[in-house]
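Beneath this line is the structure, given in structure tokens, with notes to follow.
Since the structure is predicted, the reported quantities are computational estimates derived from the model, not experimental observations. Naming: A, B, ... by sequence-line order, numbering from 1 per chain.
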There are 2 protein chains.
Amino acid sequence: MKELEKFKEILKFHRLRITQSRLAVASILIQNRETPFTPEEIFDCIQRSDDLYCDQVSVYRTLSIFEDLGLVSKFLFHGQAARYMISISNKNTPYHKHYFKCDQCHWVEPLGDCILLKTEKRLEKKGYRNLHHHIEVTGLCPRCTT
Amino acid sequence: MKELEKFKEILKFHRLRITQSRLAVASILIQNRETPFTPEEIFDCIQRSDDLYCDQVSVYRTLSIFEDLGLVSKFLFHGQAARYMISISNKNTPYHKHYFKCDQCHWVEPLGDCILLKTEKRLEKKGYRNLHHHIEVTGLCPRCTT
DNA sequence: TTTTTTATTGCAACTAAATTGCAATAATGG
DNA sequence: CCATTATTGCAATTTAGTTGCAATAAAAAA
């Protein structure tokens with residue numbers, strides 16, 4: 001499993017330890033690269049699994065570290081718990097930054113290249129720095145439309 | 001004050017009562033149309049004011065109603081409380097949908113026309129419905145860059 | 001203007017999401 | 001294999017927001 005190696009490599013590079021908890025969270029995220037999961041959902045997956053273990057608090061702490069390392073992206077969907085998704089690509093499924101998310105079936109669809117790149121370039125020219133952004137498009141997908 | 005009349009008019013139209021609480025929240029939002037405020041900040045402003053009064057819970061309930069009526073927009077800034085901002089224009093300051101927000105000084109800058117319109121049109125053609133979106137750009141503004 | 005109706009409020013209690021402090025534990029370098 | 005120290009697990013806490021319900025006040029009716 002090439003992606004788990006990537007997680008290990010980056011942890012090592014930053015002199016962070018490769019622990020049960022971190023491997024557990026990483027493998028759940030890798031197994032579900034199409035759907036953004038809440039910390040609780042990740043925790044539930046780990047509990048249901050026989051060979052993974054991680055405390056709920058450590059799920060939060062691990063996700064926060066993975067986010068700092070750029071390994072996962074954090075999504076804020078209106079009034080819900082934050083959701084996390086792996087942000088490194090494998091050859092079959094390239095990494096997308098923005099998604100549409102169906103309110104009903106939770107289906108997630110990549111929105112293609114980032115539409116904000118031009119806007120950010122413009123701001124950087126004006127002296128803005130450390131730019132981050134988050135785009136959220138929600139609604140009903142064709143299958144859920146009555 | 002023309003904008004407060006707009007609030008009253010729309011409340012009346014929906015057969016909602018014009019109350020102290022709603023007028024208080026509305027006037028704070030009108031006085032601060034350039035900065036998105038959290039419910040708590042709005043509550044603090046009201047408490048500091050001599051002639052306004054509203055319970056903290058009613059601030060939440062009022063903001064939720066105003067959002068349903070399209071009078072305010074809700075912003076989710078990474079890991080913080082939600083922020084609300086008036087979403088009706090007056091002649092001097094036209095209404096913008098998306099903003100840059102400085103992490104340090106909380107300065108807010110409109111980002112011009114919505115860059116997502118094209119994307120949403122494309123999705124609607126494919127059968128997606130009830131589309132909503134939220135864009136958040138954060139960083140350091142030129143004045144806060146060392 | 002007064003009375004009646006009922007939407008709205010204020011309070012307290014509650015829930016959900018996430019964070020923190022700290023002693024116990026386990027991963028890594030030597 | 002041991003020593004060091006990052007990380008964990010647990011309980012307690014914080015923060016943001018919600019809910020139930022009796023009291024209140026806005027608006028309609030008389």
Side-chain angles (χ1 to χ4, degrees), chain A residues 4-5 7-28 36-47 51-69 71-84 134 136, chain B residues 4 7-28 36-47 51-69 71-72 74-84 134 136:
Chain A
L4 200 55
E5 294 311 311
F7 273 83
K8 288 185 186 174
E9 182 193 312
I10 291 186
L11 284 170
K12 258 187 191 153
F13 180 78
H14 290 272
R15 271 157 232 189
L16 293 164
R17 292 183 180 172
I18 292 159
T19 64
Q20 287 302 307
S21 306
R22 287 170 185 167
L23 291 175
V25 173
S27 37
I28 296 302
F37 272 18
T38 64
E40 206 180 345
E41 286 165 350
I42 293 166
F43 177 63
D44 289 346
C45 287
I46 291 171
Q47 290 221 298
D51 39 62
L52 299 179
Y53 176 79
C54 182
D55 183 72
Q56 185 154 22
V57 176
S58 289
V59 174
Y60 280 103
R61 290 197 266 228
T62 298
L63 288 170
S64 162
I65 287 168
F66 285 177
E67 199 199 357
D68 292 343
L69 299 177
L71 291 166
V72 304
S73 314
K74 184 178 187 177
F75 295 82
L76 296 175
F77 287 112
H78 232 193
Q80 300 176 34
R83 289 177 179 273
Y84 295 82
H134 167 75
E136 161 189 331
Chain B
L4 200 55
F7 272 83
K8 288 186 187 172
E9 182 193 312
I10 291 186
L11 283 169
K12 259 190 189 149
F13 180 78
H14 290 271
R15 271 154 233 192
L16 294 164
R17 292 182 180 173
I18 292 159
T19 64
Q20 287 302 309
S21 306
R22 287 169 186 168
L23 292 176
V25 173
S27 37
I28 296 302
F37 272 17
T38 63
E40 207 181 346
E41 286 165 349
I42 293 166
F43 177 63
D44 289 347
C45 286
I46 291 172
Q47 291 223 298
D51 38 64
L52 300 177
Y53 177 79
C54 182
D55 183 71
Q56 185 154 23
V57 175
S58 290
V59 173
Y60 280 104
R61 289 198 266 227
T62 298
L63 288 170
S64 161
I65 287 168
F66 285 176
E67 200 198 357
D68 291 344
L69 298 177
L71 291 166
V72 303
K74 184 178 187 177
F75 295 82
L76 296 175
F77 286 111
H78 231 195
Q80 300 175 37
R83 289 175 179 274
Y84 295 82
H134 168 76
E136 161 188 332

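Put simply, CD1 on B:Ile65 is 14 Å from C1' on D:dT18, counting in whole angstrom units. When the P atom of D:dA16 is taken as reference, atom CD of B:Glu41 falls 10 Å away, rounded to whole Å. Atom-to-atom, CG of B:Asp55 to C1' of C:dT8 comes out at 11 Å; the value is rounded to the nearest Å. Distance CG (A:Leu11) to C1' (D:dT7): 12 Å, rounded to an integer number of Å. Rounded to whole angstrom, the span from the OH atom of B:Tyr53 across to the C1' atom of C:dT8 amounts to 13 Å. Taking atom CG of residue A:Leu63 and atom C1' of nucleotide D:dT7, one finds them 15 Å apart after rounding to whole Å.
Take B:Lys8 and apply the salt bridge (Lys or Arg N to Asp or Glu O under 4.0 Å) test, not counting sequence neighbours, and it matches B:Glu5. Evaluation of the side chain to side chain contact (heavy atoms under 4.5 Å, CB included) rule for B:Glu9 yields no partner, not counting sequence neighbours. Applying the ring-ring contact (aromatic ring centres under 6.0 Å, His included) rule to B:Phe37 yields no partners; only residues at least two apart in sequence or on another chain are considered. Residues forming a side chain to side chain contact (heavy atoms under 4.5 Å, CB included) with B:Ile65 (at least two apart in sequence, or on another chain): B:Leu16, B:Arg22, B:Leu69. Remark: B:Gln47 pairs with B:Phe43 by the side chain to side chain contact (heavy atoms under 4.5 Å, CB included) rule, at least two apart or across chains. The ring-ring contact (aromatic ring centres under 6.0 Å, His included) test applied to A:Tyr84 returns no partner, not counting sequence neighbours.
The two residues B:Pro39 and B:Val59 come nearest to each other via the heavy atoms O-CG1, 3.6 Å.
Contact annotation: the side chain of A:Tyr60 never approaches that of A:Ile42 to less than 4.5 Å [non-hydrogen atoms, C-beta and beyond]. Looking at B:Leu63 and B:Glu67, their side chains never come closer than 4.5 Å, going by heavy atoms from C-beta outward.
Annotation: the span from A:Arg61 atom CZ to A:Cys54 atom SG amounts to 9.5 Å, rounded to 0.5 Å.
Of the residues in residues 12-23 of chain B, B:Leu16, B:Arg17, B:Thr19, B:Ser21, B:Arg22 come within less than 4.0 Å of DNA chain C through at least one heavy atom, sorted by number.
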Annotated protein contacts, base or backbone, on nucleotides 15-24 of chain C with a non-hydrogen cut-off under 4.0 Å, one of B, S, - each: --SBBBB---
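For residues 11-21 of chain B, there are no salt bridge (Lys or Arg N to Asp or Glu O under 4.0 Å) pairs, not counting sequence neighbours.
Each end of the helix from C:dT1-D:dA30 to C:dG30-D:dC1 gets its own axis from five base pairs, and the two axes differ in direction by 40°, given to 10 degrees.
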